[in-house]
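Shown next, in structure tokens, is the structure this report addresses.
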Amino acid sequence: MKYAFFDGKPYDKPSFNFYGEQAGIKFKYYDAKLDIDTVNLAKGCDGVCIFVNDTADAAVIDELYSLGIRSIALRCAGFNNVDLRHAEGKVTVFRVPAYSPYAVAEHAMAMILTLIRRTHKAYIRTRDFNFSLNGLTGFDLHGRTVGVIGTGRIGRVFIDICRGFGMRVLAYDKYPAEGVDFEYTTLERLLRESDIVSLHCPLTDDTYHIIDTERIIMMKKGAYIVNTSRGALIDSEALLEGIKSRHIGGACLDVYEEESDIFFEDRSGHIVDDEILARLIFMPNVLITSHQAFLTEDALDAIAATTVKNIVEFHENGKCENEVRRSRSAVV
Ligand code: NAI
């Protein structure tokens with residue numbers, strides 16, 4: 001069996017080769033992202049394996065179908081880049097619903113600690129034998145309030161981590177869980193009372209720009225915002241304004257609204273056209289990582305194992321436990 005592996009990176013290969021060989025699946029790795037210009041690379045394959053910034057819109061799905069391809073194996077949890085409505089009856093879409101909530105939650109906390117304790121700046125200073133502490137003053141997390149939006153797998157791990165730091169937790173979820181040992185509140189109260197707001201909900205019609213100008217104004221002056229979920233949860237222009245006006249104390253962003261042609265790639269020799277991203281990167285109180293939160297050995301291993309299991313299950317039974325159906329998404 002052969003699967004075309006789009007947007008393949010060197011760190012993907014060891015685990016996918018390992019599990020693929022065991023199951024008799026050969027992955028054909030392509031650097032290119034899947035879109036209408038590259039879809040023909042999948043010719044002769046039994047399916048495609050794609051990631052967060054590949055595009056499986058209606059035109060791509062039609063082309064895959066005409067190539068005889070009946071499956072899209074997402075090697076991620078999110079599926080907002082697939083037109084599920086159009087896929088129905090043509091291709092089966094399956095995903096990796098969970099691989100390591102710890103990887104993402106721990107990265108969120110790593111970003112917070114870096115930004116508030118300025119360790120990224122201290123690292124650069126001491127390499128230059130500059131041992132001055134001026135401008136490196138941080139604040140304690142202990143006793144501060146963290147607002148967690150989305151209390152699923154990652155949100156819950158993040159809450160546990162924050163409680164380990166002695167933080168007070170306020171949570172908001174459109175579908176609150178029962179029997180939990182943390183406090184749910186309204187989104188408005190969470191924004192008003194939190195020193196740090198961290199996003200752990202999916203990108204849906206409801207959550208698109210869940211943090212916009214109005215909600216930024218609602219936030220406590222000097223509050224920090226953390227996004228390790230999906231870029232379009234935050235209106236980036238509104239965030240930039242919030243930072244310029246000093247209302248927002250800082251931002252940790254592992255994802256960005258317009259990341260698809262920028263993140264995961266080496267753009268160091270290029271001129272950045274995105275003015276908002278360029279301004280955000282230059283802000284002293286903004287820390288940006290390139291959709292890196294998932295990137296641990298443990299997560300990569302789990303992603304490959306589940307993706308291969310999904311492919312085998314689909315080809316043996318014609319269906320798959322981790323299939324994504326339209327009814328489960330109201331995804332933009
Ligand atoms: P999950 O499905 O376990 O939890 C999501 C939670 O969000 C659920 O409790 C759900 O009820 C809640 N939710 C849904 N709609 C909401 C709304 N309108 N307002 C508030 N809450 C709402 O998902 P999980 O595994 O915790 O992942 C969360 C997100 O993290 C994913 O959707 C994905 O976008 C992102 N992610 C980012 C990664 C990265 O590398 N940066 C890697 C993996 C996931």
Side-chain angles (χ1 to χ4, degrees), residues 7 9 11-12 50-53 74-82 95-112 147-162 169-180 182 184-191 194 197-212 215 225-234 251-257 259-260 262-264 287-303 306-307 322 324-325 327-332:
D7 202 10
K9 297 284 186 275
Y11 49 78
D12 291 317
I50 66 171
F51 197 49
V52 294
N53 289 322
L74 283 160
R75 53 181 194 278
C76 54
F79 43 88
N80 48 292
N81 51 340
V82 180
R95 66 173 181 142
V96 183
Y99 37 93
S100 170
Y102 309 101
V104 182
E106 288 172 14
H107 188 78
M109 183 48 90
M111 292 188 85
I112 294 170
V148 180
I149 301 178
T151 57
R153 282 171 287 247
I154 296 171
R156 301 274 189 104
V157 174
F158 182 72
I159 287 173
D160 283 346
I161 292 173
C162 291
V169 174
L170 288 177
Y172 168 74
D173 197 300
K174 193 175 176 193
Y175 312 100
E178 299 204 345
V180 295
F182 51 82
Y184 278 115
T185 186
T186 60
L187 182 55
E188 288 67 30
R189 181 173 158 232
L190 180 150
L191 294 173
S194 298
V197 172
S198 194
L199 293 162
H200 298 289
C201 55
L203 175 62
T204 65
D205 286 336
D206 278 348
T207 59
Y208 176 79
H209 285 184
I210 190 169
I211 301 297
D212 57 8
R215 294 212 168 110
I225 185 143
V226 183
N227 190 4
T228 54
S229 277
R230 284 291 180 267
L233 295 177
I234 300 182
C252 301
L253 307 175
D254 184 52
V255 286
Y256 174 67
E257 247 186 304
E259 71 177 46
S260 64
I262 304 170
F263 280 21
F264 300 108
L287 180 65
I288 295 186
T289 52
S290 179
H291 207 134
Q292 182 190 333
F294 75 99
L295 196 63
T296 65
E297 287 169 6
D298 315 73
L300 289 174
D301 187 80
I303 289 169
T306 305
T307 306
N322 291 325
V324 194
R325 293 198 180 80
S327 55
R328 298 184 56 179
S329 77
V331 180
V332 288

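For ligands, and for the atoms within them, numbers begin at 1 and follow the listed sequence.
Counted within 6.0 Å of CD on Glu297, heavy atoms from surrounding residues, nucleotides or ligands total 12 or fewer; the atom is thus considered open.
For ligand 1, the atoms lying closer than 4.0 Å to a non-hydrogen atom of Tyr172 are 19 (N), 20 (C). Taking every non-hydrogen atom of Asp206 and a distance limit under 4.0 Å, the qualifying atoms of ligand 1 come out as 18 (N). Contact atoms of ligand 1 toward Gly150: 7 (O), 21 (N) (distance under 4.0 Å to a heavy atom of the residue). Residue-ligand proximity, Val104 to ligand 1, at heavy-atom distances under 4.0 Å covers atoms 38 (C), 42 (C), 43 (C). Atoms of ligand 1 lying under 4.0 Å from at least one heavy atom of His291, given by number and element, are 39 (C), 40 (O), 41 (N). Every atom of ligand 1 with a heavy atom of Lys174 under 4.0 Å away is listed here by number and element: 16 (C), 17 (C), 18 (N), 19 (N), 20 (C), 21 (N), 22 (C). Residue contact check: Pro202 has heavy atoms under 4.0 Å from atoms 5 (C), 7 (O), 13 (N), 14 (C), 32 (O) of ligand 1. Proximity to Thr151 (heavy-atom distance under 4.0 Å) selects the following atoms of ligand 1: 9 (O).
Neither side chain, Thr151 nor His200, offers a donor N or O lying under 3.5 Å from an acceptor on the other. Between the side chains of Asp254 and Thr289, at least one donor N or O sits under 3.5 Å from an acceptor N or O.
Between Phe51 and Phe264, the ring planes are perpendicular. Angles over 60° get that label, and only those under 30° would be called parallel.
Taking only nitrogen or oxygen atoms, main chain and side chain alike, Pro97 does not reach within less than 3.5 Å of ligand 1. For ligand 1, the polar-atom distance check finds no N/O of Tyr99 at less than 3.5 Å from any of the ligand's N/O atoms. In terms of polar-atom proximity, defined here as any N/O pair under 3.5 Å, Asp173 does make such a contact with ligand 1. Considering backbone and side-chain N/O atoms, Asp254 comes within less than 3.5 Å of an N/O atom of ligand 1.
Here the CG atom belonging to Asp301 is positioned 9.5 Å from the OG1 atom belonging to Thr296, to the nearest 0.5 angstrom. Distance check: Ile149 CD1 to Ser229 OG gives 9.5 Å after rounding to the nearest 0.5 Å. With values rounded to the nearest 0.5 angstrom, Leu170 atom CG is found 10.0 Å from Ile159 atom CD1. Rounded to the nearest 0.5 Å, atoms CG (Asp7) and CZ (Arg75) are 6.0 Å apart. Going from atom CD1 of Ile112 over to atom CZ of Phe158 covers 3.5 Å, rounded to the nearest 0.5 Å. Between Ile225 atom CD1 and Leu199 atom CG the span is 5.5 Å, to the nearest 0.5 Å.
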### Test log, rule side-chain contact (heavy atoms from CB on, under 4.5 Å), inputs Leu233 and Cys201
CA-CA 9 Å; Leu233 295 177; Cys201 55; 4.2 Å; yes
### Task
Begin with the C-alpha distance, continue with both residues' side-chain angles, and end with the deciding distance and a verdict on side-chain contact (heavy atoms from CB on, under 4.5 Å) for Tyr184 and Tyr172.
CA-CA 5 Å; Tyr184 278 115; Tyr172 168 74; 5.8 Å; no
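His200 O, 3.4 Å is the protein heavy atom nearest to atom 28 (C) of ligand 1. If you check which protein heavy atom lies closest to atom 25 (O) of ligand 1, you get Arg153 NE, 3.5 Å. Nearest non-hydrogen protein atom to atom 15 (N) of ligand 1 is Tyr175 CE1, 4.0 Å. The nearest heavy-atom contact from the protein to atom 40 (O) of ligand 1 is Phe294 N, 3.1 Å. Annotation: atom 29 (C) of ligand 1 to nearest protein heavy atom, Ser229 OG, 3.6 Å. Scanning all protein heavy atoms for the shortest distance to atom 4 (O) of ligand 1 gives Gly152 CA, 3.2 Å. If you check which protein heavy atom lies closest to atom 18 (N) of ligand 1, you get Thr207 CG2, 3.1 Å. With hydrogens left out, the protein atom closest to atom 22 (C) of ligand 1 is Cys201 CB, 3.7 Å, a heavy atom.
In this structure, of Arg156, Gln292, Arg230, the residue bringing a heavy atom nearest to atom 36 (N) of ligand 1 is Arg230. With distances taken over non-hydrogen atoms, the option nearest atom 37 (C) of ligand 1 out of Thr289, Val255, Ile154, Thr228 is Thr228.
At a heavy-atom cutoff of 4.0 Å, ligand 1 is contacted by no atom of His107, backbone or side chain. Of the heavy atoms in Ala77, none comes closer than 4.0 Å to ligand 1.
In terms of the salt bridge (charged side-chain N to carboxylate O under 4.0 Å, His left out) criterion, Asp173 has no residue partners (sequence neighbours excluded).
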